[in-house]
Asker: 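Next up is a structure, given as structure tokens.
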Amino acid sequence: MRDLSGGPRVLLKRLRELMAEPLEPQERLDRIVRQIASNMVAEVCSVYVLRADGVLELYATEGLKKEAVHLSQLKMGQGLVGTIAASAQPLNLSDAQSHPAFRYLPETGEEIYHSFLGVPILRAGRSLGVLVVQNKASRNYREEELEALETTAMVLAEMVATGELKKITKPGLELDLTRSVTIDGDTYNEGIGLGYVVLHEPRIVVTNLLNEDTEKEIGRLADALGSLRISIDDMLSRRDVSMEGEHREVLETYRMFAHDQGWVRKLEEAIRNGLTAEAAVEKVQSDTKARMIRLTDPYLRERMHDFEDLANRLLRQLIGHTGRSTAEGFPSDAIVLARAMGAAELLDYPRTNVRGLVLEEGAVTSHVVIVARAMGIPVIGQAAGVVALAENGDAVIIDGDEGHVHLRPMPEHQRSYEEKVRFRARRQEQFRALRAVEPVTKDGKRITLLMNAGLLVDLPQLAESGAEGIGLFRTELQFMIASTMPKAEEQEAFYRSVMKQAGGRSVTFRTLDIGGDKVVPYFRGHEEENPALGWRAIRLSLDRPGLLRTQLRAMLKAAAGTELKMMVPMVTEVSEIRAVRELLQKEVQHLSRFGHGLPRKLQFGAMLEVPSLLWQLDELMDAVDFVSVGSNDLFQFTMAVDRGNARVSDRFDVLGRPFLRVLRDIVRAGERNDTPVTLCGEMAGKTISALALFGIGFRSVSMSPASIGPVKAMLLGLDIDALGAVLHEALDDTKPQHSVREILARFAESNNIPL
Ligand code: PEP
Ligand code: MG
């Protein structure tokens with residue numbers, strides 16, 4: 001084989017000319033393999049393309065028998081070619097026949113070729129096919145030759161990705177790039193979304209692959225690397241509280257990569273082989289990704305993500321665009337796919353167009369998920385590898401009920417989901433028709449249906465759902481999605497716009513409930529062994545009265561001239577409530593001393609979430625204007641089950657006798673003390689548990705807006721007195737035969753109540 005110095009450059013130049021010529025795809029491919037073979041002085045050059053059915057089909061060859069084209073096939077993992085595609089790794093063999101994976105394909109006549117060099121055709125770390133050169137003589141291909149072939153494979157990847165090869169794909173078959181795949185993840189929010197993929201970090205498409213001037217490209221790379229390093233140093237030197245801990249660690253890792261000589265060397269080598277600086281970054285990124293994609297070690301996977309982020313930053317430096325999709329060209333039914341995402345980033349998307357969210361990481365309690373729930377879209381988390389498998393604009397269905405993501409769904413799938421969505425829409429239509437109907441039971445009991453909220457994006461749902469007001473406004477969400485502590489004026493402005501948008505319907509603000517699983521990035525407490533039982537909510541607020549007083553003042557000012565309703569979370573002893581009341585009194589005095597307007601009416605309440613309050617019910621009700629049961633926490637503490645731990649959280653039933661008896665005691669105390677009692681945990685939104693709540697005496701509940709319709713539909717046909725009799729008997733039964741859940745289901749069925 002002749003010396004290749006300058007070889008790859010000449011080859012790439014020829015390929016560039018070939019790509020620009022108006023040729024039919026088969027002709028172009030044939031000429032490409034001929035060109036590669038001649039440039040690399042190989043007797044054979046072949047291209048195999050991966051089909052959707054997992055078969056690698058010979059698409060073009062120079063040197064092997066022409067009749068084998070579109071006939072010769074290997075399964076993924078089969079033979080040398082299948083091994084390369086499956087492992088996404090090259091193979092360089094001086095004696096191919098002796099390799100254990102070798103498989104003889106008689107139709108190709110390849111038995112006389114001993115040396116073999118094959119590379120995967122990669123896109124974003126994913127194999128789309130294999131490019132091979134072969135020689136009769138037994139030899140080892142040099143490192144530069146391997147590099148050159150990999151670089152050439154990028155050009156072919158582009159041909160596959162642009163859909164050009166589709167035209168020469170046998171009828172009825174699809175290429176792998178368009179294969180339909182289902183990825184399983186965890187349900188973070190229920191619902192079904194049909195639409196088109198929007199990659200949150202869009203793959204930066206490098207269209208300018210081949211360079212004209214190597215030195216100029218090396219210079220561009222050096223400049224971009226320089227700016228990248230400076231920007232990382234800048235971020236690291238910022239004295240910002242939020243920069244402590246993990247965030248800093250990530251940046252330190254970036255800095256390490258950005259100075260990594262091995263990486264820089266590989267980039268420069270790719271440029272010397274004829275690529276532009278951006279194509280070089282893409283090539284090295286794809287190679288690294290292919291190598292790391294199968295890693296299971298979470299630490300190393302995390303490092304891979306860091307590396308990828310860095311490579312993307314470098315690409316943006318080189319191409320000079322921000323990488324964010326613009327509103328223009330944004331699909332009207334977008335399903336956003338991201339590895340991870342901040343809550344504020346989700347809010348940046350045109351809200352009405354986003355039909356679903358899929359995350360490779362994330363947790364149910366993460367802020368972005370809280371925001372997505374507020375937006376009412378289905379969410380799937382822990383969907384491993386989904387971003388690499390998808391392309392912007394691919395059709396996608398997300399099934400938030402079952403936790404599936406169907407990428408490029410098959411027509412039958414598409415049809416059955418469309419049917420499901422139509423069915424749901426019809427039900428929604430029925431619920432919407434109930435919006436203006438007063439929630440009165442068949443036996444004339446008036447029920448108050450309120451909704452839970454925490455962000456401005458929730459507010460439109462007030463009118464849409466027909467809720468009478470907001471029974472729980474989680475003020476900590478404003479704090480959780482901000483990168484720095486919201487200032488007093490920001491808090492005040494926020495509460496004011498919430499009340500304005502509520503348009504006269506009541507809003508119950510809950511004071512800050514941070515700590516536990518609600519982490520505020522710029523306010524870190526100490527590591528706690530049991531955060532749910534730790535320094536959180538009112539405990540933290542009383543220890544940091546400045547924080548609480550700022551919030552109380554912001555609420556008082558925002559509600560000047562109207563009614564202010566507020567409540568305090570996680571109360572354990574009545575003395576805590578008295579302490580907050582004193583602070584509130586001081587704020588009222590302060591404001592009136594300085595001539596500020598005050599709320600026309602102030603209602604002050606406590607959340608009942610900690611079991612100790614069950615033995616202080618009368619004192620508690622004496623100290624407040626109303627009580628709201630936080631059944632999520634009350635259940636967690638009563639039953640000793642961590643609400644965020646899937647292994648135990650469903651172990652006991654909220655409709656079990658112990659918990660329902662607790663709730664009944666609270667209702668009775670409310671009646672005794674003439675104190676309004678409501679309940680705002682998740683159970684209020686499930687029709688069967690709402691049925692139980694009405695049966696034991698609750699007349700006011702607050703839930704997620706999507707549940708208002710179903711709960712209202714349930715209560716309209718309900719005879720509460722009849723239900724109460726059945727339920728009280730069931731709760732008093734000390735030797736029960738049936739669970740309360742069964743008894744309720746039977747009652748609903750025999751009374752024609754939709755659950
Ligand atoms: C609850 O605990 O039931 C509640 C409504 O509060 P959160 O879910 O915000 O803890
Ligand atoms: Mg709570």
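Just so you know, ligand 1 is whichever comes first in the structure, and atom 1 is the first atom listed for that ligand.
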Asker: Among Arg510, Arg474, Glu476, which residue meets the side-chain contact (heavy atoms from CB on, under 4.5 Å) test with Pro569?
Answerer: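 Of Arg510, Arg474, Glu476, side-chain contact (heavy atoms from CB on, under 4.5 Å) with Pro569 is met by Arg510 alone.
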Asker: Which ligand 1 atoms are under 4.0 Å away from a heavy-atom of Gly681?
Answerer: 3 (O)
Asker: Only heavy atoms of Asp633, strictly under 4.0 Å: list the atoms of ligand 1 that pass.
Answerer: 1 (C), 2 (O), 3 (O), 10 (O)
Asker: My understanding is that only one of Val629, Ile708, Leu693, Thr448 makes a side-chain contact (heavy atoms from CB on, under 4.5 Å) with Val701; could you say which?
Answerer: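 The residue from Val629, Ile708, Leu693, Thr448 that satisfies side-chain contact (heavy atoms from CB on, under 4.5 Å) with Val701 turns out to be Leu693.
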Asker: Pick one: which of Val740, Leu663, Ile743 meets side-chain contact (heavy atoms from CB on, under 4.5 Å) with Leu731?
Answerer: Val740
Asker: Which N/O/S atom belongs to Asp633 and is the closest one to the Mg ion (ligand 2)?
Answerer: OD2
Asker: Quick test: of every protein heavy atom, which one is nearest to atom 3 (O) of ligand 1, and how far off is it to 0.1 Å?
Answerer: Asn632 N, 2.7 Å
Asker: What is the nearest protein non-hydrogen atom to atom 6 (O) of ligand 1, stated with its residue, atom name and distance?
Answerer: Arg510 NH1, 3.0 Å
Asker: What part of Glu609 sits under 4.0 Å from ligand 1 if we count only heavy atoms: the side chain, the backbone, both or neither?
Answerer: side chain
Asker: Determine, using heavy atoms of Glu682 and all atoms of ligand 1, whether some pair is separated by less than 4.0 Å.
Answerer: no
Asker: Might you confirm whether atom CZ of Arg651 has over 12 heavy atoms from other residues, nucleotides or ligands at distances under 6.0 Å?
Answerer: no
Asker: Under 3.5 Å, N or O to N or O, is Arg536 touching ligand 1 that way?
Answerer: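 There is no such contact.
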Asker: For a quick check under 3.5 Å, do Gln551 and Thr475 share a side-chain donor-acceptor pair by atom type?
Answerer: yes
Asker: Return yes when Arg643 approaches ligand 1 closer than 4.0 angstrom through a heavy atom, no otherwise.
Answerer: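 For ligand 1, residue contact (heavy atoms, under 4.0 Å) with Arg643 is present.
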Asker: How close do Val711 and Gly685 get, heavy atom to heavy atom, and via which atoms?
Answerer: CG2-O, 4.1 Å
Asker: Once you restrict to heavy atoms under 4.0 Å, what part of Met703 touches ligand 1? Side chain, backbone, both or neither.
Answerer: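 No part of Met703 is near ligand 1 at this cut-off.
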Asker: Does the Glu609 side chain pair with the main chain of Asn632, one donor and one acceptor, at a distance under 3.5 Å?
Answerer: no
Asker: At their closest point, which heavy atom of Gln382 faces which heavy atom of Tyr188, and how far apart are they?
Answerer: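 Nearest heavy atoms, Gln382 then Tyr188: CG-OH, 3.5 Å.
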Asker: Need the atom name: nearest N/O/S atom of Glu609 to the Mg ion (ligand 2).
Answerer: OE2
Asker: I need the contact type for Leu472 against ligand 1. Using non-hydrogen atoms and a strict under-4.0 Å cut-off, is it side chain, backbone, both or neither?
Answerer: side chain
